[in-house]
Engineer: 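I have a structure I would like to understand better, so I am pasting it below and will then ask my questions one at a time.
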Amino acid sequence: MSGEPHEYKYSRLNYLEREFRLVELLPGDGPDEVRCRLFTASLNNSPVFEALSYAWGDPKDTRSIHVNDQNRAVTINLYSALLRIRGKSQSRVIWVDALCIDQTNVEEKSHQVGLMGDIYKTARETVIWLGEPKTDDNEPSNSDNASNSTSSNSSQGSLHQYVVEWGCGKDNEILKRFAQNRETLRQWPVYGAVILLKYLSMDVHFDKLPFFPPGSDPSMYPGEIWIKSAQALDSLLRVPYWRRTWIIQEAVLATKARVYYGAHIIPLAVLLLAQANLNEHYHGCCSKWGVDAHGSRFTFWTSFEENMSTLQHMAKLVVARHPSNESGSGMTIYDVVSGGLDRRQATDPRDHIYGLLGLVTKWGTERIVPDYSLTVSQVYARTAFKIMKDSGSLFLLTWNERERNKLLGLPSWANDWSWHGLFNPNPYPWSFFDAAKGQSAFLELRRDSVLAVRGVRVDRVSKIGPVRTWEWYPPQELVKTMKHWRAIAGIHDQAGSIEDSQDLDERFWRVVFADTIDSSQGRRATLGDIDTIRAWWAWLQSTSGSSSLRELSQETMAKGLLFGTKPAMMLGGETSEWATLPCPEKFHNIMKTFHERTRSRKFLLTEGGRMGTGPATIRDGNEVLLGDEIYILNGSKVPFVLRPVNAALVSEAGKADRSVPGYSLIGTCYVHGVMDGEVLNSLHAETQIIDLH
């Protein structure tokens, strides 16, 4: 193709007529250059077209195509998609965001992103392009791999002769060929990956799949066909596409969606069914090869289960939006943006909100409209405010106990929808408490950064204990930390009457465990639980000082693991970690609850003598410190730790309107004696408006 790619000149769209652009992908084959015709259409006229869903890829790695007789640079992943999906003798009309939207025009981009939900709902089919697969190892495909594979295939001739189309009534024939001639799989492991997906979608048990001889272990079978097929499926599930924020909306809203992976065309429904069935078998009937084997050795089943999380989120949204679903009354913005957060990526952080708006069916008071003239901080703050305003609840503030991206400059109360951090510390069980006695939140948003709320000041922090960090450390150190906490609480083994000591001891343990026990359903702690906790504490102290730790075998320590898949550490005294202790069965729930409620928290004591626990090591500057204040805010079920800041509310006219207390949100806390509305029941409780910055 002659000439260098240059900037394409777009004509203006008529927004009132819901105009958008479509691409006519002209026919071609093999090494033929990619040629397109861009034209304008209106959604009001019900045009017939398909929509392409794909990952852009590296913007610096591009190829040139012909658009309206002009050279245009596109990413290699889009280039390989156009090569693969174009017809050999007929044109194909598609919508492609990179070509159909003027990405340099902020006004047009904002308008067209607002139409994308309708575009994908109107398209007769959504083409999901995963890329060209790699077959030489188990790494996911990327732009370089796509380039190599595409150029290789193109040089050999027609791409169309290699197409394997599933879901067209010939699946049984394809499966039969596979079963009778496994040599085919050796030549193309991706074929085996799709076979594996197909069988999983048919609800076949792991050990009954056609890869394994009768009686073999599906988690350990070393057969070449199985290993290559499993590696190929692992690669399919780890391509960059599944981590894009935009794909959720694009796939869920599609009237019909098919996945294109190199030569294979697979209905999206097959992948969704495969995920659902895999999850059931992994945790249920086939658990001995699935979840039960997790941690002891690598299995492909665990890798599949983890990498299918995006499909799981998709499936939930598909079910929630289905007309037959009578369990809900619509999907709110919170329903849409909160699920699957840890797996999503977007080049523009604002798209973590804008890329999902088309899924919202229940808007409440006001819609969120894409506006790329707003900063990331403004978009995230407005979204958080809307969620809390519509729900009348401050539950979203607990999300700020996730790690956040400090570079975004967010207000202390606004959630970071782009960050993939974990909750640190873990949130208190919100539904178990009712500190504000069910009062709805009072909320006002000022200058896109200041959140006005109403609440009651409870107390000020006067003493704090050391952090019970998230790291695993020797039992002796844990006992030392807990004794420090008990000393701050005023618990001394031989001080005061027995009744006073027992009462103080009970309150202390209710604080440490947030007055809850993690059982099958979870519940508030009973007096019987407190007795069990005391027995656990006595056991922990005696065990941590015992020389028998040095004598425990590796096998015994491994059996004592309770949390995650962390392997037992080196044995002997100071190197043994408290979570690896071979805990008596009667203490299992106690150990689990202790871990969940105290990780990355500090013990605190207030000026009024109230005991509690508060956040620590969430992010820099956000851990409870001396002088922080405890507030119960309307719309919350738990108290919050707030830190005073010097700030005055200023009106838009620039004149001081009124000075109100200003605070930075630190996090949630447990304070004994205020968790069930006791403060609100007091005749002396006075609410006030405060500003969160």
Side-chain angles (χ1 to χ4, degrees), residues 334 374-406 408-417 419 423 425 427-428 430 435-436 439-461 612 614-616 618-625 627-652 656-669 671 674 679-680 685-693:
Y334 175 76
L374 299 177
T375 65
V376 175
S377 180
Q378 287 176 307
V379 174
Y380 285 11
R382 290 184 183 187
T383 302
F385 174 73
K386 175 174 176 54
I387 290 172
M388 291 185 284
K389 188 74 172 178
D390 287 350
S391 66
S393 168
L394 298 186
F395 173 73
L396 190 66
L397 294 184
T398 66
W399 280 58
N400 286 317
E401 292 182 339
R402 292 170 62 95
E403 299 171 22
R404 306 203 305 172
N405 185 349
K406 295 179 292 185
L408 297 180
L410 299 174
S412 65
W413 54 270
N415 187 56
D416 182 358
W417 301 104
W419 200 243
F423 278 101
Y428 297 104
W430 178 269
Q439 295 190 37
S440 295
F442 167 87
L443 294 159
E444 289 184 3
L445 180 61
R446 310 181 191 283
R447 295 174 296 173
D448 287 334
S449 61
V450 179
L451 181 69
V453 296
R454 182 181 291 277
V456 176
R457 182 184 179 278
V458 175
D459 217 331
R460 178 182 283 112
V461 178
I618 302 172
R619 51 190 188 274
D620 292 345
N622 279 68
E623 57 181 319
V624 60
L625 299 175
D628 287 343
E629 298 184 13
I630 309 297
Y631 266 83
I632 293 174
L633 305 178
N634 288 9
S636 175
K637 290 182 176 292
V638 297
F640 289 93
V641 177
L642 305 181
R643 184 165 300 152
V645 297
N646 295 321
L649 183 64
V650 179
S651 68
E652 293 182 2
D657 184 8
R658 54 184 168 81
S659 181
V660 298
Y663 294 89
S664 176
L665 174 67
I666 304 303
T668 58
C669 61
V671 178
V674 308
V679 170
L680 274 296
E686 295 183 4
T687 63
Q688 60 178 320
I689 295 176
I690 61 174
D691 283 347
L692 299 181
H693 292 261

Engineer: Evaluate side chain to side chain contact (heavy atoms under 4.5 Å, CB included) for Leu443 paired with Leu451, printing each intermediate quantity in order.
Structural biologist: CA-CA 7 Å; Leu443 294 159; Leu451 181 69; 3.7 Å; yes
Engineer: Tell me, please, which residues at least two apart from Ser391 pass side chain to side chain donor-acceptor pair (under 3.5 Å).
Structural biologist: none
Engineer: Minimum heavy-atom separation for Glu623 to Ala616, with atom names?
Structural biologist: CB-CA, 3.4 Å
Engineer: Restricting to salt bridge (charged side-chain N to carboxylate O under 4.0 Å, His left out), what partner residues turn up for Arg454, sequence neighbours left out?
Structural biologist: none
Engineer: Do Asp691 and Val645 have side chains that approach each other closer than 4.5 Å (heavy atoms only, starting at C-beta)?
Structural biologist: no
Engineer: Identify the heavy atoms of Leu445 and Asp448 that sit nearest to each other, and give their distance.
Structural biologist: CD2-OD1, 3.9 Å
Engineer: Please list, chain by chain and in numerical order, all residues satisfying side chain to side chain donor-acceptor pair (under 3.5 Å) with Lys386, sequence neighbours excluded.
Structural biologist: Asp390
Engineer: Any side-chain heavy atom of Ser393 sitting closer than 4.5 Å to one from Trp430?
Structural biologist: yes
Engineer: Looking at Pro661 and Gln688, what are the two nearest heavy atoms and their distance?
Structural biologist: CG-OE1, 3.7 Å
Engineer: Take Val461 and Val624, measure what side chain to side chain contact (heavy atoms under 4.5 Å, CB included) needs, and give me the verdict at the end.
Structural biologist: CA-CA 8 Å; Val461 178; Val624 60; 4.0 Å; yes
Engineer: Could you work out, with side-chain contact (heavy atoms from CB on, under 4.5 Å) as the rule, every residue matching Gln439, not counting sequence neighbours?
Structural biologist: Asn634, Leu680
Engineer: Any side-chain heavy atom of Pro615 sitting closer than 4.5 Å to one from Ile666?
Structural biologist: yes
Engineer: Say you draw a straight line from OG of Ser449 to NE2 of His693; how long is it, rounded to the nearest 0.5 Å?
Structural biologist: 8.0 Å
Engineer: Once rounded to the nearest 0.5 Å, what's the spacing between atom CZ of Phe395 and atom OG of Ser636?
Structural biologist: 10.5 Å
Engineer: Is there a donor-acceptor pair under 3.5 Å between the side chain of Arg457 and the backbone N or O of Glu686?
Structural biologist: no
Engineer: Quick one: OG on Ser377 to CG on Asp416, what's the gap to the nearest 0.5 Å?
Structural biologist: 10.0 Å
Engineer: Please list, chain by chain and in numerical order, all residues satisfying side chain to side chain donor-acceptor pair (under 3.5 Å) with Thr668, sequence neighbours excluded.
Structural biologist: Glu401
Engineer: Would a 4.5 Å heavy-atom cut-off, applied to side chains only, mark Glu444 and Ile689 as touching?
Structural biologist: no
Engineer: Would you compute the distance between atom CE of Met388 and atom OG1 of Thr383 and round it to the nearest 0.5 angstrom?
Structural biologist: 10.5 Å
Engineer: Enter the distance from Leu633:CG to Trp413:CH2 here, rounded to the nearest 0.5 Å.
Structural biologist: 13.5 Å
Engineer: Considering residues at least two apart in sequence or located in another chain, which fulfil the ring-ring contact (aromatic ring centres under 6.0 Å, His included) criterion with Tyr631?
Structural biologist: Tyr663
Engineer: Ignoring hydrogens, what is the shortest heavy-atom contact between Ile632 and Pro639? Give both atom names and the distance.
Structural biologist: CG1-CB, 4.3 Å
Engineer: Can you see which heavy atom on Ala414 is nearest to which on Ala381, and at what distance?
Structural biologist: CB-CA, 4.1 Å
Engineer: Let me confirm one number: the CG-CG distance from Asn415 to Leu397, rounded to the nearest 0.5 Å.
Structural biologist: 9.5 Å
Engineer: Are any non-hydrogen side-chain atoms of Ile630 and Val641 less than 4.5 angstrom apart?
Structural biologist: yes
Engineer: Report yes if some heavy atom in the side chain of Leu642 is under 4.5 Å from a heavy atom in the side chain of Ile690; otherwise report no.
Structural biologist: yes
